[in-house]
Amino acid sequence: MSEYIPTFEHKMIDLKWQKKWYQSDLFEAEDFSEKEKFYGLVEFPYPSGTGMHVGHVRAYSSIEVIARKRRMEGYNVLFPIGFDAFGLPTENYAIKNKVHPRKVTDDNIETFTNQLKSIGFSFDFSRVVDTTDPDYYKFTQRIFLKLYEKGLAYKDKTYVNFCPSCKVVLSNEESQGGVCDRCGTKVVQKEKTVWFLKITDYADRLLNGLGNVDFNDRIKTEQREWIGKSQGASITFPVRDSDQSLDVFTTRPDTIFGATFMVIAPEHPLLEILSDRIKNRSAVRDYKEKAQTKTEFERVQLQKDKTGVRIDGIEAVNPLTDKTIPIFISDYVMMSYGTGAIMAVPAHDERDHAFAKEYDLPIVEVIKGGNVDEEAYTDTEKGELVNSGFLNGMSVKEAKKEIIAYLRKHDLGDKKNQYKMKDWAFNRQRYWGEPIPIVYCEKCGTVPVPYEDLPVTLPMVEAFEPSDEGESPLATIESFVNTTCPTCGGPAKRETDTMPQWAGSSWYFLRYVDPDNDQVIADLDKQKYWMPVDWYNGGMEHVTRHLIYSRFWNQFLYDIDEAYYEEPYQKRTSQGLILGEDGDKMSKSRGNVINPMDIINEYGADTLRTYILFIGDYEAATPWNENGVKGCRRFLDKVWRLQNNVTEQSGVTADTEILLNQTIQGVSEDIETLKFNTAIAKMMTLTNEWTSKKAVTKKEFEVLLKLLNPIAPHMTEEIWNNLGHDTWLANQPWPQHDPDKLIEDEIEIAVSINGKVRATMQMPTDSPKEKLETEALKLDNIKKYTKGKDIRKVIVVPNKLINIVV
RNA sequence: GCCGGUGUGGUGAAAUUGGUAGACACGAUAGACUCAAAAUCUAUUGCCGUAAGAAGCGUGUCGGUUCGAGUCCGACCACCGGUACCA
């Protein structure tokens with residue numbers, strides 16, 4: 001027997017193995033290796049000053065375990081990490097503490113890197129990317145120029161959140177609840193001309209691409225709804241006695257005979273164009289002004305009350321009924337969706353119905369089936385068209401087809417798809433972001449910076465506070481703004497807006513494949529080898545923006561032959577939130593934040609890793625529990641102490657063979673389906689078995705060490721070493737179960753009477769049904785219940801149970 | 001409002017195709033070891049009840065299908081997430 005070994009010293013062991021790993025090339029991916037590749041990706045962190053959060057640990061742990069398992073399975077694994085380091089918190093911190101954001105970022109990245117290593121993550125640290133590195137954002141700028149070249153980047157007016165007191169443009173996060181984050185002043189909407197990316201051109205492809213990838217349904221649904229495709233028709237309504245007309249989008253062209261009025265958004269351009277004819281101009285103007293000052297909050301609150309103003313002097317014509325119909329302005333019609341104008345069919349649309357009731361407008365039923373005086377009838381399955389001329393008698397489906405054919409024939413409209421997704425507002429009026437590589441020349445106009453002049457670097461200046469009038473801080477830096485035109489050589493000014501947070505993260509997964517390339521974003525052969533990402537895990541909150549934006553960029557890059565595959569991510573999963581011990585969301589203000597570094601100090605990295613995976617269903621939110629941490633440490637201690645119980649016996653003992661094989665199978669499967677909690681539970685069961693027997697053979701113990709290694713790599717590597725190996729446990733082949741040794745020779749069969757279990761019996765596996773039945777009826781407790789009763793039916797489920805119906 | 005998810009012991013949670021509900025862990029109680037504590041080990045632990053066992057009751061609520069329902073179906077309630085006058 002071996003000498004007594006104390007419960008392990010985690011600090012020494014953690015440091016020892018981390019040092020060995022990171023000084024070796026153990027986790028480095030090899031380009032073009034003969035082995036099958038596996039590309040596991042986690043969302044790279046924003047390196048904030050507060051350092052790592054337990055949420056980061058959970059987010060990375062899944063792919064971490066998968067990556068380590070894949071290495072043991074013989075894959076060539078790419079498991080990279082980097083930093084999404086441009087952004088407001090760093091900039092605000094820098095301004096407050098009078099340090100340059102470059103310095104803040106570098107410090108934070110260093111802290112973060114050390115923390116990642118102190119958890120023992122098996123990232124390939126030779127491929128780290130940093131979005132704020134000019135060698136990186138040179139390519140972010142290049143992609144922007146390519147988009148510009150293809151007409152997918154354009155400038156347009158928009159409204160930005162502006163604080164009149166701080167005189168600063170605010171992000172949505174900084175203007176929550178309609179007030180300025182720092183001074184509490186009410187935020188106003190300021191008109192500004194900014195860059196947009198035409199992501200709407202890719203709407204259908206982003207939608208269709210979802211058909212070929214393995215994202216869970218919830219993620220696909222959220223993306224689909226974000227894109228928000230609806231099919232319908234565009235229809236032109238002439239304005240009476242005018243050469244003007246109103247185009248509308250509708251999903252219900254079949255109801256056109258019921259269109260008894262029209263509604264346009266308060267910002268609709270027709271109001272300007274036909275301004276002279278409007279008799280109640282001041283009322284219209286008042287309403288428009290009121291609508292604009294309404295905050296989003298107010299608009300949502302007042303959702304049900306319909307308000308509006310009838311435009312006096314302009315009327316439209318329903319092209320199907322030829323009737324003159326009034327036009328209203330109302331804020332229930334948005335300028336930002338569709339054409340900013342609708343045909344109102346009060347009989348079959350709830351909003352139009354409410355509006356018609358409010359303003360006493362005619363409600364004409366065109367689909368039979370409801371009582372349209374009471375409420376809008378919106379069913380599209382059952383009804384039959386009435387009061388609709390040539391559409392009478394048709395179903396909704398038929399009528400849609402017919403009316404579209406009619407509209408097309410008479411040049412009044414056509415089939416049309418409309419999307420909820422809007423073009424991507426690609427701008428920020430702050431310093432710490434990628435400069436947009438555009439120059440404005442008086443003679444040549446908007447001129448892209450030539451590719452060879454990239455990157456347009458951020459000037460390293462002392463003052464980078466936002467300017468007074470909502471311009472980017474870069475606008476006040478003359479050495480940056482004033483430049484020469486790349487085309488004519490004359491004086492020119494640079495674009496001073498920077499790119500938004502989402503830019504750098506929209507293509508970083510490609511850069512990992514070839515992080516040092518200074519010619520292209522990533523070599524196509526390397527992309528062909530590594531891409532697509534086999535498994536991407538990240539937060540549910542990034543499912544719409546980041547995931548859609550990055551898919552858009554990847555598809556665009558594919559179109560211009562700079563990306564090898566059309567879809568970047570083969571599989572996407574999401575971890576659940578870790579809540580505070582009180583069950584609330586972890587936050588500084590609630591004072592319930594757990595610092596992972598404290599756990600590492602007290603219990604070690606392996607305990608932190610094990611606990612975070614054991615805490616509960618990986619994809620569900622679950623509260624932190626300090627006692628649970630202790631329990632996981634206790635489990636690791638037990639595994640450690642098994643070293644004392646290693647017997648001289650070789651091979652595998654007969655009485656744990658089945659359990660061992662079941663564990664191999666169960667753990668292997670559970671890891672693949674993100675059921676880390678049950679995988680760990682199975683290893684606990686095995687450990688408990690050996691602990692109570694006080695005996696385990698070396699061969700058996702080594703199987704457990706291999707299964708546990710991806711979860712608790714430090715301690716298992718140390719034990720592996722103690723057992724006399726001088727190889728990496730991390731490189732050992734993953735255990736395989738023997739399919740013949742999963743089932744016990746004898747199993748317990750439950751015997752129930754009328755569905756209630758009354759007895760159990762031990763029977764040989766695969767006993768014939770008849771045998772089970774006769775044996776069951778012999779049991780004392782069963783006789784008690786069957787005595788004097790008719791046995792009506794006996795149901796035998798082999799190897800499971802017997803149900804006797806009396 | 002609409003869409004999606006979840007609801008199981010004191011707690012975190014398990015539970016193939018409907019087939020012994022509560023694996024595993026925490027906490028608790030009792031005991032062993034100890035001068036004592038920590039650590040470790042052993043036993044018990046869904047509720048009710050009992051000397052003990054048996055019986056009874058138990059997966060948000062109500063109903064249904066079935067020999068058998070946490071699992072399937074219908075209605076409802078609660079909580080969480082997404083979305084929001086999207087025409």
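Order of the sequence lines sets the chain letters (A, B, ...), proteins ahead of strands, with each chain counted from 1. As a basis for the values below, the full set of heavy atoms in this structure was taken, side chains included, without hydrogen atoms, waters or symmetry mates.
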Partner of rC76(B) under the Watson-Crick or G-U wobble criteria, both distances under 3.5 Å, comes out as rG60(B)

Answer for the Watson-Crick or wobble partner of rC24(B), both distances under 3.5 Å, is rG12(B)

Taking atom [atom1] in both [N] and [M], what distance in whole Å separates the two?
N	M	atom1	result
rU29(B)	rC73(B)	P	44 Å
rG27(B)	rG19(B)	P	32 Å
rG68(B)	rG18(B)	C1'	8 Å
rA32(B)	rA21(B)	C1'	33 Å
rG22(B)	rA14(B)	P	15 Å
rG60(B)	rG56(B)	P	22 Å

Would you say the base of [N] and the side-chain of [X] have a donor-acceptor pair closer than 3.5 Å?
X	N	answer
Lys630(A)	rC26(B)	no
Asp331(A)	rC85(B)	yes
Glu748(A)	rU20(B)	yes
Asn627(A)	rC26(B)	no

[X] and [Y]: side-chain donor and acceptor closer than 3.5 Å?
X	Y	value
Asn625(A)	Tyr611(A)	no
Tyr287(A)	Thr307(A)	yes
Ser234(A)	Asp247(A)	no

Which part of the nucleic acid, if any, lies within contact of [X], taking any heavy atom under 4.0 Å across all strands shown: a base, the sugar-phosphate backbone alone, or nothing?
X	answer
Phe635(A)	nothing
Lys416(A)	nothing
Arg634(A)	sugar-phosphate
Arg633(A)	nothing
Gln418(A)	nothing
Ile615(A)	sugar-phosphate

Regarding the side chain of Lys793(A), the nearest nucleotide among rU20(B), rC85(B), rC67(B) is rC67(B)

The reported gap from OG1 in Thr380(A) to CZ in Arg252(A) (rounded to nearest 0.5 angstrom) is 6.0 Å

- prompt: Can you tell me if CD on Glu672(A) sees more than 12 non-hydrogen neighbours from other groups inside 6.0 Å?
  reply: yes

